[in-house]
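Shown next, in structure tokens, is the structure this report addresses.
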Amino acid sequence: QVQLVESGGGLVQAGGSLRLSCAASGNIFRGNVMGWYRQAPGKQRELVADITSGGTTNYRDSVKGRFTISRDNAKNTVTLQMNSLKPEDTAVYYCNYRLGARMYWGQGTQVTVSS
């Protein structure tokens, strides 16, 4: 089992910044991928960004150039720095840990961007 605890999120005006952090604990194995997904009301959950244990990153097109994902393998943490936020970024953001077919989720943190 893997437990994920998120922090950060909140309310910000358009153009502002927020930082999300996630700490993983439990049975952490090398070769995992950690990332962030989001789900807006009435929409499906979507990948925002993820990062392999080797540091390879992947972003959805709409956040490229605005969001930066990073991780600390020694601390088993992943961070999402979100800049130039837009109202359409409003959603519940979920931390994700993936290793092979196994996937674990955090409890979610609300990000609200006002126009």
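Values reported hereafter were calculated over all heavy atoms of this structure, with side chains retained and with hydrogens, waters and symmetry mates removed.
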Worksheet entry | Closest non-hydrogen atom pair between Q107 and V5, with its separation | OE1-CA, 4.2 Å
Practice prompt. Take R102 and N32, measure what side chain to side chain donor-acceptor pair (under 3.5 Å) needs, and give me the verdict at the end.
Written response: CA-CA 10 Å; R102 295 187 176 184; N32 64 75; over 6 Å; no
Worksheet, complete the sentence: Output for pair (T56 OG1, D50 CG), nearest 0.5 Å, gives 10.0 Å
Item to complete: Compute both the distance and the angle, then confirm whether R98 meets the cation-pi test with W105: under 6.0 Å from the six-membered ring centre, within 45 degrees of the axis.
Response: no
Worksheet entry | Min side-chain heavy-atom separation I51-V33 under 4.5 Å | no
Practice prompt. Could you name each residue pair satisfying side-chain hydrogen bond (donor to acceptor under 3.5 Å, both in side chains) that touches residues 85-97, not counting sequence neighbours?
Written response: R38-D89, R38-Y93, R66-D89
Discussion item. For the CG atom of N27 and the CD atom of Q1, what is their distance to the nearest 0.5 Å?
Written reply: 8.0 Å
Fill in: S25 side, atom OG; K75 side, atom NZ - distance, nearest 0.5 Å
15.5 Å
Practice prompt. List the atom of C22, the atom of M34, and the distance in Å for their closest heavy-atom pair.
Written response: SG-CE, 4.4 Å
Discussion item. Just verifying a value: how many Å separate I69 CD1 and W36 CH2, rounded to the nearest 0.5 Å?
Written reply: 8.5 Å
Discussion item. Checking the side chain of R71 only, and the main-chain atoms of T77 only, is there a donor and an acceptor separated by less than 3.5 Å?
Written reply: no
Worksheet entry | Side-chain donor-acceptor contact under 3.5 Å, N73 with S53 | no
Worksheet item: So, for N83 and S17, which heavy atoms are closest and what is the spacing to 0.1 Å?
Response: OD1-OG, 2.9 Å
Discussion item. According to a hydrophobic-cluster definition based on side-chain heavy atoms being under 4.5 Å apart (Ile, Leu, Val, Met, Phe, Trp, Tyr only), do Y59 and V78 belong together?
Written reply: yes
Fill in: Contact check, side chains of V48 and L80, non-hydrogen atoms, under 4.5 Å
yes
Discussion item. Are L99 and Y104 linked, directly or through intermediate hydrophobic residues, by side-chain heavy-atom contacts shorter than 4.5 Å (ILVMFWY only)?
Written reply: yes
